[in-house]
Amino acid sequence: MRWVIRTDTITVAGTWPKIHISSFQRSARFGWLFLTGLLMMLPALAIAGPTEDANAAIDRWSAAYSANDVEAVVKSYWPDAILLGTKSPVISTGADAIKKYFTELKLQGSGNKNVIQERHTIPIDDNAVLVTGFYEFTRMQEGKPVPGPSRFTMLATKRGGEWRIAHHHSSPHVEAPK
């Protein structure tokens, strides 16, 4: 784009020439100002990366658990995932074993909840993120909520543009020595 500023050819000595700007030039100037404003806001725009996407997958798992939806919980894992469950003496490998774990836990319709309290995220690469932290299960026993503070480690991986859990270890959270 070429900017053109024309001045009057006749001026009075000691005065500044008048500058005429066409409406097209005013529109172009506004366009440049608008574009500059947008460019200045770019750093403020959040662009999701592997860390955010992996944490979103783990949050979906927690929400599915709290909804007591066994099928949605199982879909949070890859079909070949490994689960070391909080209440299990065995390693659950694969979707069928993971479904069995949550079915035997009697999750469906239980009223059990999960709240992630603290987490630390370590991106390994664009397709794998390790997340570790503390969460609390609230399990219903005889109609009463019983808290179950636990700790976890989850490896979330991306395959075909989708994030799911590939490995999940959960164990009771031990109390700090007094």
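Please read all numbers here as calculations on a predicted model, not as lab measurements.
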Hey, are Asp59 and Arg119 close enough for a salt bridge, meaning a charged N less than 4.0 Å from a carboxylate O?
yes

Answer yes or no: is there a side-chain heavy-atom contact under 4.5 Å between [X] and [Y]?
X	Y	answer
Ile82	Thr93	yes
Ser170	Tyr135	yes
His169	Thr132	no

Are [X] and [Y] connected, step by step, through hydrophobic side chains (Ile, Leu, Val, Met, Phe, Trp, Tyr) whose heavy atoms are closer than 4.5 Å?
X	Y	result
Tyr101	Phe152	yes
Leu105	Val73	yes
Trp163	Val131	yes
Tyr65	Trp78	no
Leu155	Ile98	no

Answer yes or no: are there more than 12 heavy-atom neighbours, outside [X] itself, under 6.0 Å from its atom [atom1]?
X	atom1	result
Ile124	CD1	yes
Lys113	NZ	yes
Lys75	NZ	no

Tell me who clusters with Val115, hydrophobic residues only, linked when side chains sit under 4.5 Å apart either directly or through other members.
none

As a quick check of understanding, evaluate salt bridge (Lys or Arg N to Asp or Glu O under 4.0 Å) for Lys99 and Glu71, giving each step before the final call.
CA-CA 8 Å; Lys99 183 174 184 176; Glu71 294 300 322; 2.7 Å; yes

Kindly assign one of parallel, tilted or perpendicular to the pair Phe134 and His173, based on the angle between their ring planes and the thresholds 30° and 60°.
tilted

Over all atoms of both residues, closest heavy-atom pair of [X] and [Y]:
X	Y	result
Ala128	Thr157	CB-CG2, 4.2 Å
Leu107	Asn68	O-CB, 3.2 Å
Arg151	Val174	NH1-CG2, 4.2 Å

Just to verify, what does Arg164 make a salt bridge (Lys or Arg N to Asp or Glu O under 4.0 Å) with, not counting sequence neighbours?
Glu162

